[in-house]
> 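Following this message is one structure expressed as structure tokens.
Keep in mind that this is a model prediction, so the values were computed, not measured.
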Amino acid sequence: MSVVRSGADLVGRRVTIDVPATTANLGAGFDALAMALDLATLIELEAVPPEREPAVVVEVQGEGAGHLPRGPRNRFVSSLLEGLVAGGVDPAGTGWHVRMDNRIPVTRGLGSSASATVAGLAAADALLGGALGPERMLELAAAAEGHADNAAAAIHGGLCVVSEVEGVPRAIRIDPPEALLAALYIPDKHLSTSAMRAALPSSVPFAAAVHNVGATALAVAALSQGRFDLLAAGTVDRLHEPYRAEAYPELPELIAAALAAGARGAFLSGAGPTILAFSDDVAAAATIAAAMERRAQELGMSGRAAVQAARPE
């Protein structure tokens, strides 16, 4: 690939990006743990001559069709342009044609925003011949999203431990157990990330903080070694789920239903409303997902059950 010096050098180039859904927190690991799921959005991008009108066309199929922005305000497009600028290229004068087959539910706690952001940055990186790299992409994505957990899992796949090192987000990727399955209940209701973060207190009891440190460490160790027997304890949260349950009263009921059905651990996926439960057996995972769906119906909620594998990379 020739060196890109300006947006004009990109005209005629095409890239295809495949980016996964993600689940953040994994219970106790608030803003520190995330995992990629084997559920992805496929995006095809073409740089077109600037004289085409409109200059940016986004075709969306699947989740969010008819609702996601179809022009420059689309998250994928804005991240693409930001990535090009970060790579030293002025994208002005270049048009874009985007085809998006979106399989990630939007605003359901499965990282749809982070996936779109990472997809745009990954497309820019591909157009620039790898000039950004994963660490710079993570920095840009974290700045756009406000936190790095979902973005890290979308970039690296697998299970990611995320923290800041001297003010810069960094991620360490761990291979999840091959048998790990995610039983999901995905409500039809929307919960905004900003509203669910606003439900959190400015301080928490010391005992709750100590509990979560231990539970998060236990979850990482258990997932690293395939110790499914320890995941129920490792996913119990005391920092955010009790407070978010005030805005989402069905949350503890759905988690209890998953655990009663045999889940190895269950928690709110990201800021919700999706509930994710761990399993290591295909039939058991289907049973767990169905149990959550039944309990949701009893509570007057609509939604759908699903089972997904972890995405290794």
> How long is the span from the OG1 atom in T41 to the CZ atom in F76, to the nearest 0.5 Å?
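Output value for this atom pair is 11.0 Å.
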> Among side-chain atoms of D237 and N25, is any donor-acceptor pair under 3.5 angstrom?
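Side chains of D237 and N25: no pair found under 3.5 Å.
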> State, yes or no, whether a side-chain contact exists between V48 and W96 at a heavy-atom distance under 4.5 Å.
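Side-chain contact under 4.5 Å: no.
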> Heavy-atom distance under 4.5 Å between the side chains of V58 and V60, does that happen here?
yes
> Can you pull the salt bridge (Lys or Arg N to Asp or Glu O under 4.0 Å) pairs that have at least one residue in residues 265-285, sequence neighbours excluded?
R264-D280
> Side chain to side chain contact (heavy atoms under 4.5 Å, CB included) for K189 and M301? Distances and angles first, verdict last.
CA-CA 8 Å; K189 71 189 293 183; M301 293 179 66; 3.9 Å; yes
> Would one find more than 12 heavy atoms of other residues, nucleotides or ligands at under 6.0 Å from atom CD1 of I174?
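Yes, enclosed.
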> Between CG of L121 and CZ of R136, what distance do you get to the nearest 0.5 Å?
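Reported to 0.5 Å precision, the distance equals 9.5 Å.
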> So R244 and L200, do their side chains get closer than 4.5 Å, heavy atoms only?
yes
> Hey, quick one: are L231 and L181 part of the same hydrophobic cluster, counting side-chain heavy atoms closer than 4.5 Å, chains of contacts allowed?
no
> Mind running side chain to side chain contact (heavy atoms under 4.5 Å, CB included) on V85 and D90 for me, showing each step along the way?
CA-CA 6 Å; V85 171; D90 182 358; 5.7 Å; no
> Decide whether V161 and L138 are clustered together by the hydrophobic rule: side chain heavy atoms of Ile, Leu, Val, Met, Phe, Trp, Tyr closer than 4.5 Å, transitively.
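No, separate clusters.
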> Within the 4.5 Å heavy-atom criterion, are E253 and M292 side-chain neighbours or not?
no
> Measure the shortest side-chain to side-chain distance between P176 and L223 over non-hydrogen atoms and say whether it is less than 4.5 angstrom.
no
> Identify the two heavy atoms, one from A233 and one from A215, that lie closest to each other, and give their separation to 0.1 Å.
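Heavy atoms of A233 and A215 come nearest at O-CB, 4.0 Å.
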> Drop me the distance from R294's CZ to L254's CG, to the nearest 0.5 angstrom.
12.5 Å
> Does the pair E293/R304 count as a salt bridge with the N-to-O cut at 4.0 Å?
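No, E293 and R304 are not salt-bridged.
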> Quick one: are L37 and L110 in side-chain contact, heavy atoms under 4.5 Å?
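L37 reaches L110 side chain to side chain.
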> Can a donor-acceptor pair be found, under 3.5 Å and without considering hydrogens, that links the side chain of D38 to the backbone of A309?
no
> What heavy-atom pair brings P105 and L39 nearest, and what distance separates the two atoms?
CD-CD2, 4.0 Å
> Do E59 and H97 meet the criterion of a side-chain donor-acceptor pair at a distance under 3.5 Å?
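Judged by distance alone, the side chains do pair up.
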> Please determine if D31 and R197 form a salt bridge, counting it only when a charged side-chain N lies under 4.0 Å from a carboxylate O.
yes
> Got a donor-acceptor contact below 3.5 angstrom from the H240 side chain to the M196 backbone?
no
> Between S112 and V106, what is the shortest heavy-atom contact and its length?
OG-CA, 3.6 Å
> To the closest 0.5 Å, what do you measure between CD (E46) and CG (L10)?
12.0 Å
> Without swapping roles, check the side chain of Y243 against the backbone of P201 for a donor-acceptor pair under 3.5 Å.
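No, the answer is negative, given that no donor and acceptor are paired below the 3.5 Å cut-off.
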> Just wondering, do L33 and C160 contact through their side chains at under 4.5 Å, heavy atoms?
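The answer is no, as the side chains (C-beta and beyond) never meet within the 4.5 Å cut-off.
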> Quick one: do V98 and L127 end up in the same hydrophobic cluster if we chain Ile, Leu, Val, Met, Phe, Trp and Tyr together by side-chain heavy atoms under 4.5 Å apart?
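Yes; L127 is reachable from V98 via cluster members.
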> Step by step, work out the side chain to side chain contact (heavy atoms under 4.5 Å, CB included) result for M100 and N102.
CA-CA 6 Å; M100 184 179 296; N102 187 15; 4.2 Å; yes
> Same cluster or not: are V307 and I186 linked, directly or through other Ile, Leu, Val, Met, Phe, Trp or Tyr residues, by side-chain heavy atoms under 4.5 angstrom apart?
no
> Taking R295 first and then E298, would you say they form a salt bridge - that is, a charged N and a carboxylate O separated by under 4.0 Å?
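Salt bridge present between R295 and E298.
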> If every non-hydrogen atom of L218 is compared with every non-hydrogen atom of G234, which pair is closest and at what distance?
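The pair with the smallest heavy-atom distance is CD2-N, 3.9 Å.
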> Compute whether any side-chain donor of one residue and acceptor of the other, for T274 and S269, lie under 3.5 angstrom apart.
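Short answer, no.
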> Could you check if a side-chain atom of L42 sits within less than 4.5 angstrom of a side-chain atom of I17, using non-hydrogen atoms only?
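The answer is no, as the side chains (C-beta and beyond) never meet within the 4.5 Å cut-off.
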> Can you confirm whether E135 is buried at CD, in the sense that more than 12 heavy atoms of other residues, nucleotides or ligands lie under 6.0 Å from that atom?
no
> Please report the interatomic distance CG(L251) to CZ(F267), rounded to the nearest 0.5 Å.
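It comes to 11.5 Å.
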> Of the non-hydrogen atoms in A277 and I288, which two are nearest, and what is the gap between them?
CB-CG2, 3.7 Å
> Checking L268 against Y248 for the side chain to side chain contact (heavy atoms under 4.5 Å, CB included) test, could you report, in this order, the C-alpha distance in whole Å, the side-chain angles of both residues, the deciding distance, and whether it holds?
CA-CA 10 Å; L268 181 68; Y248 185 9; 3.7 Å; yes
> Is there any salt bridge (Lys or Arg N to Asp or Glu O under 4.0 Å) pair reaching into residues 65-82, and which pairs are they, with sequence neighbours excluded?
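Applying salt bridge (Lys or Arg N to Asp or Glu O under 4.0 Å) to every pair that reaches into residues 65-82, excluding sequence neighbours, yields R75-E145.
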> Has the side chain of T216 got a donor or acceptor atom that lies under 3.5 Å from a matching backbone atom of A28?
yes
> Return the minimal non-hydrogen interatomic distance between A40 and R311, and the atom names on each side.
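Between these two residues, the closest heavy atoms are CB-NH1, 3.5 Å.
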> Taking D101 first and then R103, would you say they form a salt bridge - that is, a charged N and a carboxylate O separated by under 4.0 Å?
yes
> Can you tell me how far the CG atom of N74 sits from the OG atom of S79, to the nearest 0.5 Å?
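Answer for the CG-OG pair, N74 versus S79, is 9.0 Å.
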> Given a cutoff of under 4.5 Å between side-chain heavy atoms of I, L, V, M, F, W and Y, with clusters grown through shared members, what are the other residues clustered with V11?
none
> R13 side chain to L45 main-chain N or O, any donor-acceptor pair under 3.5 Å?
no
> Do V236 and L276 sit in the same hydrophobic cluster, where Ile, Leu, Val, Met, Phe, Trp and Tyr count as joined when their side-chain heavy atoms come under 4.5 Å apart?
no
